[in-house]
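Here is the structure we will look at, set down as structure tokens.
Reminder, nothing fancy here: chain letters follow the sequence lines and each chain counts from 1.
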Protein chains: 2
Amino acid sequence: MPIVQREIHRFQNFLVAQGLKITNERTALVREIFSTHYHFDADELLFKMKEKSVKISRATIYRTLELLVRSGLVRRVHLGEDHYHYEYVSGNSHHDHLICTTCGSVIEFHDPSLEARQLEICERKKFTPTFHNLQILGICDACRRKGEQPASPDRVQMITEDAMQLRK
Amino acid sequence: MPIVQREIHRFQNFLVAQGLKITNERTALVREIFSTHYHFDADELLFKMKEKSVKISRATIYRTLELLVRSGLVRRVHLGEDHYHYEYVSGNSHHDHLICTTCGSVIEFHDPSLEARQLEICERKKFTPTFHNLQILGICDACRRKGEQPASPDRVQMITEDAMQLRK
DNA sequence: TGGCTATTTGAGACTAAGTCTCAGTTGCAG
DNA sequence: CTGCAACTGAGACTTAGTCTCAAATAGCCA
Ligand SMILES: [Mn+2]
Ligand SMILES: [Mn+2]
Ligand SMILES: [Zn+2]
Ligand SMILES: [Zn+2]
């Protein structure tokens with residue numbers, strides 16, 4: 001069975017287990033999300049569905065994203081912009097993000113020793129962590145070679161948004 | 001000279017250096033910010049100034065906060081809520097945050113070996129970091145003793161907001 | 001000590017992202 | 001099939017923040 005189908009099934013199992021219904025809208029959305037899996041935001045999703053002439057309202061997009069997050073199949077993340085992004089997380093693999101403030105590109109990484117160190121800090125502070133959120137902003141290799149200079153932190157947000165616009 | 005006065009001077013130097021003006025509104029705001037220094041948001045600041053019957057508009061609050069961030073005296077941070085928080089950073093001391101999803105309390109920490117590990121990761125990915133943002137969400141010691149259970153990640157945002165409301 | 005002018009301010013319109021409401025529709029258990 | 005709880009879409013609403021523009025003011029210069 002192709003991966004997309006399997007993940008759709010997982011989501012449907014979740015729905016049934018919660019006493020929720022399997023609707024055409026939900027299935028169309030998760031098919032889209034699981035097939036293109038990368039970082040996206042609600043507006044992009046709305047737009048893509050419109051492109052494919054699948055009629056789905058903004059309210060349903062947001063409501064389904066919430067369900068997907070609850071089901072554990074999708075994660076909601078900050079990527080240095082003023083709105084949330086979402087990402088399909090196959091097999092629970094946690095990772096954090098390097099975000100280029102010039103071109104908007106996102107590099108994923110997972111570093112067990114970084115995670116371990118975080119746990120040590122929590123232990124020292126008698127804090128029981130549930131999850132965390134780490135973004136490192138800066139300049140990617142490609143942009144650095146092109147001679148881009150690091151932005152000062154205050155300008156980063158603005159620039160990142162410009163970069164994201166450009167990518168579209 | 002008291003610390004507050006010295007920091008006010010620093011900000012005023014910044015203004016003059018940038019060809020900007022030292023106004024009553026700006027001085028009143030930075031006095032407030034530098035004297036109570038902890039995490040706050042724009043609305044809290046607006047409210048505090050109203051309490052003290054210092055008339056300052058929302059626009060000016062946001063505009064002055066932007067200047068403070070540009071000057072390096074104040075940092076804008078995410079604390080797991082849907083809006084920004086700000087904090088007065090005396091002497092450039094970088095730190096990250098542990099945030100209790102039950103009571104909303106914030107624990108600051110600085111860990112050189114964690115920072116070093118982040119730099120190693122960037123190096124490996126040929127990424128030139130400018131700054132980063134790390135929040136660890138979970139349960140603080142006090143709340144854990146009271147028998148609070150960790151929230152599932154999806155509920156954390158909502159709960160954190162409730163906790164923040166309660167604190168006010 | 002004014003006067004001049006670029007900068008700043010405040011009121012409120014506007015925007016972006018997301019939530020909520022409610023009337024009409026649909027999935028699905030019995 | 002039928003009934004009804006769950007769901008959807010349209011659009012009103014909210015929140016956080018930005019923008020506009022006319023009136024006010026800081027501070028340079030005579
Ligand atoms: Mn990712
Ligand atoms: Mn802090
Ligand atoms: Zn780049
Ligand atoms: Zn707590």
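Residues forming a ring-ring contact (aromatic ring centres under 6.0 Å, His included) with B:His97 (at least two apart in sequence, or on another chain): B:His39, B:His95. Remark: A:Arg144 engages A:Asp141 in a salt bridge (charged side-chain N to carboxylate O under 4.0 Å, His left out) (not counting sequence neighbours). Taking A:Arg31 as the reference, nothing meets the side chain to side chain donor-acceptor pair (under 3.5 Å) condition, with sequence neighbours excluded. A search for side chain to side chain donor-acceptor pair (under 3.5 Å) contacts involving A:Gln118 returns A:His132, not counting sequence neighbours. Not counting sequence neighbours, A:Asn24 has no partner by the side chain to side chain donor-acceptor pair (under 3.5 Å) test. Shown here are the salt bridge (charged side-chain N to carboxylate O under 4.0 Å, His left out) partners of A:Arg63, two or more places apart in sequence or in another chain: there are none.
Other residues sharing a hydrophobic cluster with B:Ile107 under the 4.5 Å side-chain heavy-atom criterion for ILVMFWY residues are A:Leu98, A:Ile107, A:Phe109, A:Leu114, A:Ile121, A:Phe127, A:Leu134, A:Ile136, B:Leu98, B:Phe109, B:Leu114, B:Ile121, B:Phe127, B:Leu134, B:Ile136.
First and last contacting nucleotides of DNA chain C toward chain B (any atom under 4.0 angstrom from a heavy atom, 5' to 3' order): C:dA6 to C:dA13.
Separating the CD atom of B:Glu44 from the P atom of D:dG17 is a distance of 11 Å, rounded to the nearest angstrom. Remark: C1' of D:dA24 and NZ of B:Lys55 are 15 Å apart, rounded to the nearest angstrom. Atom-to-atom, CD1 of A:Ile56 to P of D:dG9 comes out at 6 Å; the value is rounded to the nearest Å. To the nearest angstrom, P of D:dT18 lies 13 Å from CG of B:Leu67.
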Could you go over nucleotides 13-16 of chain D and give all protein N or O partners under 3.5 Å, atom names and distances?
from: D:dA16; atom 1: OP1; to: B:His83; atom 2: ND1; distance (Å): 3.3

Can you pull every protein N or O that's under 3.5 Å from an N or O on nucleotides 28-30 of chain D?
none

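Within residues 15-29 of chain A, the residues approached by DNA chain C to less than 4.0 Å at the level of any non-hydrogen atom are A:Lys21, A:Ile22, A:Asn24, in residue-number order.
With rounding to the nearest 0.5 Å, the separation of CZ in A:Arg70 from CG in A:Leu20 is 7.0 Å.
The pair B:Glu120-B:Arg117 meets the salt-bridge criterion, with a side-chain N (NZ, NE, NH1 or NH2) lying under 4.0 Å from an Asp/Glu carboxylate O.
The two residues B:Tyr38 and B:Val106 have their closest heavy-atom pair at OH-O, 3.1 Å.
Side-chain contact between B:Phe34 and B:Ile3 is absent, with no heavy atoms from C-beta onward closer than 4.5 Å.
Between A:His78 and A:His85, the distance separating the two ring centers is not shorter than 6.0 angstrom.
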Tabulate below the donor-acceptor pairs under 3.5 Å that side-chain atoms of residues 53-60 of chain A make, not counting sequence neighbours, or state none.
from: A:Ser57; atom 1: OG; to: A:Thr60; atom 2: N; distance (Å): 3.2
from: A:Ser57; atom 1: OG; to: A:Thr60; atom 2: OG1; distance (Å): 3.2

